[in-house]
Amino acid sequence: MSAAATRSRLPRAGAGARIPPRELLSVALAGLRTRRLRAALSALGIAIGIGAMVAVVGVSASSQANLLATIDRLGTNLLTVTPGQTFLGANEVLPNTALPTIDHMPSVQNDAAIYQVSNADVRRTPYVPAEETGGIAIDATGPGLLATVGGQLATGQFLNSANEHYPTVVLGAQAANTLQIKNVTGHLQVFLGGTWFNVIGVMQPVLLDPNLDSTAFIGLPVAERLFGTQPSASEIYVRADVNQVSQVSNLLAPTADPQNPDGVQVSRPSDTLEARAAAQGQFTTLLLGLGGVALLVGAIGIANIMVISVLERRGEIGLRRALGATRRNIRSQFLTESALLAALGGLAGLALGVLATWIYAIARNQPLVVPLYALIAAPVSGLVIGAIAGLYPAAKAARLSPTEALRAT
């Protein structure tokens with residue numbers, strides 16, 4: 001900065017110890033403009049740290065919003081009934097009357113059961129070794145399963161009252177991927193339990209119960225006829241009235257098994273998704289800590305640059321002191337430069353973080369959500385970090401005496 005410019009920006013001698021905020025800001029901006037490349041590189045560290053933190057918060061908030069929207073769409077009124085264990089550790093068995101009695105509950109809208117077919121496997125051809133099942137389970141079920149769990153078909157059709165009596169199978173999303181079946185056009189068959197079954201449908205992933213994705217579904221009548229499957233449900237899905245979920249949940253166990261209600265477990269799948277959303281929040285905290293480390297590195301970089309700036313500008317400092325600037329004026333000038341530099345980095349980081357969140361949301365087909373506190377905290381935190389980082393350089397500049405500074409020049 002030239003001596004004339006320096007002189008024009010200083011208050012007159014004896015004008016007081018304080019510089020008006022507008023003039024102070026003008027002086028700080030002039031100091032940064034004379035070293036643009038260095039200032040930009042210094043602000044880059046803060047921008048990267050704050051950008052990373054805004055992106056972490058934005059991506060997490062967008063994912064949580066998408067997950068909660070999914071829960072709202074699928075509903076929190078789906079309940080599951082499964083057999084538990086006895087006091088001695090033996091596995092309970094739901095009675096054959098469990099599904100019909102649950103179906104007669106007045107607040108139950110839909111229900112469906114699955115029955116484990118344990119003595120069969122499914123392979124693409126009989127030439128595939130029997131032990132290579134690909135982790136595909138086989139369950140028997142009825143036509144109401146798809147609607148009850150809120151599932152959808154990717155291709156084909158689901159079991160109905162006509163085809164459930166014949167060797168037809170519907171594949172879960174993961175099961176179809178394992179068997180390398182993408183659609184049901186043509187006459188597709190799989191070798192299931194020693195019998196050829198026609199593939200009539202492929203399901204989309206079931207968000208409320210991912211276990212169904214790796215399952216092949218056949219009708220209960222054909223499972224009883226070919227594999228001797230007993231009509232004792234391994235799991236019952238119940239879609240209750242949204243205003244009566246708690247009441248239905250409390251009555252499901254004694255309704256399903258009046259003789260041993262303690263051996264019946266009742267759960268709500270949406271609780272798992274809500275727990276996953278909470279877990280994402282905990283993971284965000286860890287990533288924010290990593291972003292804080294980046295901010296610390298950026299703050300150290302700004303402090304280092306400001307110290308170098310003080311050493312390089314000793315002539316300017318001496319001239320200001322000689323023209324009447326007080327120690328407070330010098331300290332305020334360098335502190336403002338440091339805070340302004342970090343605040344600009346915070347604004348740049350905010351823009352980078354929002355851009356990264358927007359790209360992520362577009363790529364994952366999720367809503368763009370950046371919390372309001374992140375929008376406010378980004379520039380404010382930059383300003384605070386810059387002020388803290390500039391404390392030592394500002395104090396060092398203020399301690400320089402006019403004669404010492406001018407002699408250094």
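Residues Met203 and Leu146 come closest through the heavy atom pair CE-CD1, 3.8 Å. The minimum heavy-atom distance linking Asn77 with Arg239 is given by the pair OD1-NH1, 3.0 Å. Scanning all heavy atoms of the two residues, the minimum distance from Glu224 to Thr229 falls at CG-O, 3.2 Å. Taking both residues in full, the closest heavy atoms of Ile236 and Ala98 are given as CD1-CB, 3.8 Å, listed atom of the first, atom of the second, then distance. Closest heavy-atom contact between Ala374 and Val370: CB-CG1, 4.2 Å. Closest approach of Ala216 and Val169 over heavy atoms only: CB-CG2, 3.8 Å.
For the side chain to side chain contact (heavy atoms under 4.5 Å, CB included) with Tyr115, the qualifying choice from Ile218, Leu94, Ile138, Leu99 is Leu99, the only one to do so. Applying side chain to side chain contact (heavy atoms under 4.5 Å, CB included) to Leu350 and the options Leu355, Ile376, Val54 leaves one that passes, Val54.
Heavy-atom neighbours of Arg364 CZ from other residues, nucleotides or ligands within 6.0 Å: at or below the threshold of 12. Atom CD of Gln152 has 12 or fewer neighbouring heavy atoms from other residues, nucleotides or ligands inside a 6.0 Å radius. With a 6.0 Å radius and a threshold of 12 heavy atoms from other residues, nucleotides or ligands, Asn365 has its CG atom at or below the threshold. Around the CZ atom of Phe191, the shell of radius 6.0 Å holds more than 12 heavy atoms that belong to other residues, nucleotides or ligands.
Using a 4.5 Å heavy-atom threshold, the side chains of Leu252 and Leu79 count as touching. Counting heavy atoms from C-beta outward, Thr357 and Val354 have side chains that stay 4.5 Å or more apart. Between Val248 and Val108 there is a side-chain heavy-atom pair separated by less than 4.5 Å.
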Report task. For Asp209 and Tyr237, run side chain to side chain donor-acceptor pair (under 3.5 Å): C-alpha distance rounded to whole Å, both residues' side-chain angles, the deciding distance at 0.1 Å, then the answer. Result -> CA-CA 10 Å; Asp209 192 352; Tyr237 297 91; 2.4 Å; yes
Report task. Tell me, with the steps shown, if Glu164 and Val222 meet side-chain contact (heavy atoms from CB on, under 4.5 Å). Result -> CA-CA 7 Å; Glu164 67 176 348; Val222 73; over 6 Å; no
Query - Audit row: Thr125, Arg123, side-chain contact (heavy atoms from CB on, under 4.5 Å) steps and yes/no - result: CA-CA 5 Å; Thr125 70; Arg123 292 169 285 163; over 6 Å; no
Requested in this report: Check step by step if side-chain contact (heavy atoms from CB on, under 4.5 Å) holds for Leu368 and Tyr360.
Outcome: CA-CA 9 Å; Leu368 173 61; Tyr360 175 85; over 6 Å; no
Query raised in the report: Can Arg124 and Leu188 be said to form a side-chain contact (heavy atoms from CB on, under 4.5 Å), step by step?
Result: CA-CA 10 Å; Arg124 188 64 188 268; Leu188 287 177; 3.8 Å; yes
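Of the N and O atoms on the side chains of Asn198 and Tyr166, not one donor lies less than 3.5 Å from an acceptor on the other residue. Under the 3.5 Å distance criterion, with hydrogens and angles disregarded, no donor-acceptor pair is assigned to the side chains of Thr141 and Asp139. In this model, no donor atom of one side chain and acceptor atom of the other lie less than 3.5 Å apart for Thr255 and Thr101.
The backbone N or O of Ala378 lies less than 3.5 Å from a partner atom in the side chain of Ser381, making a donor-acceptor pair.
Between Phe227 and Phe197, the ring-plane angle classifies as parallel under the 30° and 60° cut-offs.
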